[in-house]
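Since we're looking at a predicted model, the values are computed, not measured.
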Amino acid sequence: MARGNTLFQGNIDGSFTDVSMTTQTTMARWCWGSTFTDLNNDGWVDILAANGFITAEDTGDL
């Protein structure tokens, strides 16, 4: 939790490698979920991360 989020890459042998630091994906903060998609249609896959943290009192509007 101290460094941020973690991204794992699947390996051929069924194991996973932590690629968070090399892909610079640790700074999505309080990430609730993510997906890979080409958001700007440039041919490169982008990471879309939904994040946020509620810091105010519950107003009942959520």
Task: Partner set under side chain to side chain contact (heavy atoms under 4.5 Å, CB included) for Asp18, not counting sequence neighbours - done: Arg3, Thr6, Phe8, Ser20
Open item on the list: Can you list everything that forms a side chain to side chain donor-acceptor pair (under 3.5 Å) with Thr23? Sequence neighbours excluded, please.
Closed with: Thr25
Task: Set of side chain to side chain donor-acceptor pair (under 3.5 Å) partners for Ser15, sequence neighbours left out - done: Asn11, Asp13
- [ ] Report the residues that fulfil side chain to side chain donor-acceptor pair (under 3.5 Å) with Ser34, sequence neighbours left out, ordered by chain and then residue number.
- [x] none
Open item on the list: Applying salt bridge (Lys or Arg N to Asp or Glu O under 4.0 Å) as the test, list every pair that has at least one member in residues 32-41; sequence neighbours left out.
Closed with: none
Open item on the list: Starting from Leu39 and following side-chain heavy-atom contacts under 4.5 Å between hydrophobic residues (I, L, V, M, F, W, Y), which residues can be reached?
Closed with: Leu48
- [ ] Output the rest of the hydrophobic cluster of Met21: all Ile, Leu, Val, Met, Phe, Trp and Tyr residues reachable through side-chain heavy-atom contacts under 4.5 Å, sorted by chain and number.
- [x] none
TODO: Sorted by first residue and then second, give each salt bridge (Lys or Arg N to Asp or Glu O under 4.0 Å) pair with at least one member in residues 39-49; sequence neighbours left out.
DONE: none
Open item on the list: If hydrophobic residues (ILVMFWY) are linked whenever their side-chain heavy atoms come closer than 4.5 Å, directly or via other members, who joins Val19 in its cluster?
Closed with: Leu7, Phe36, Val45, Ile47
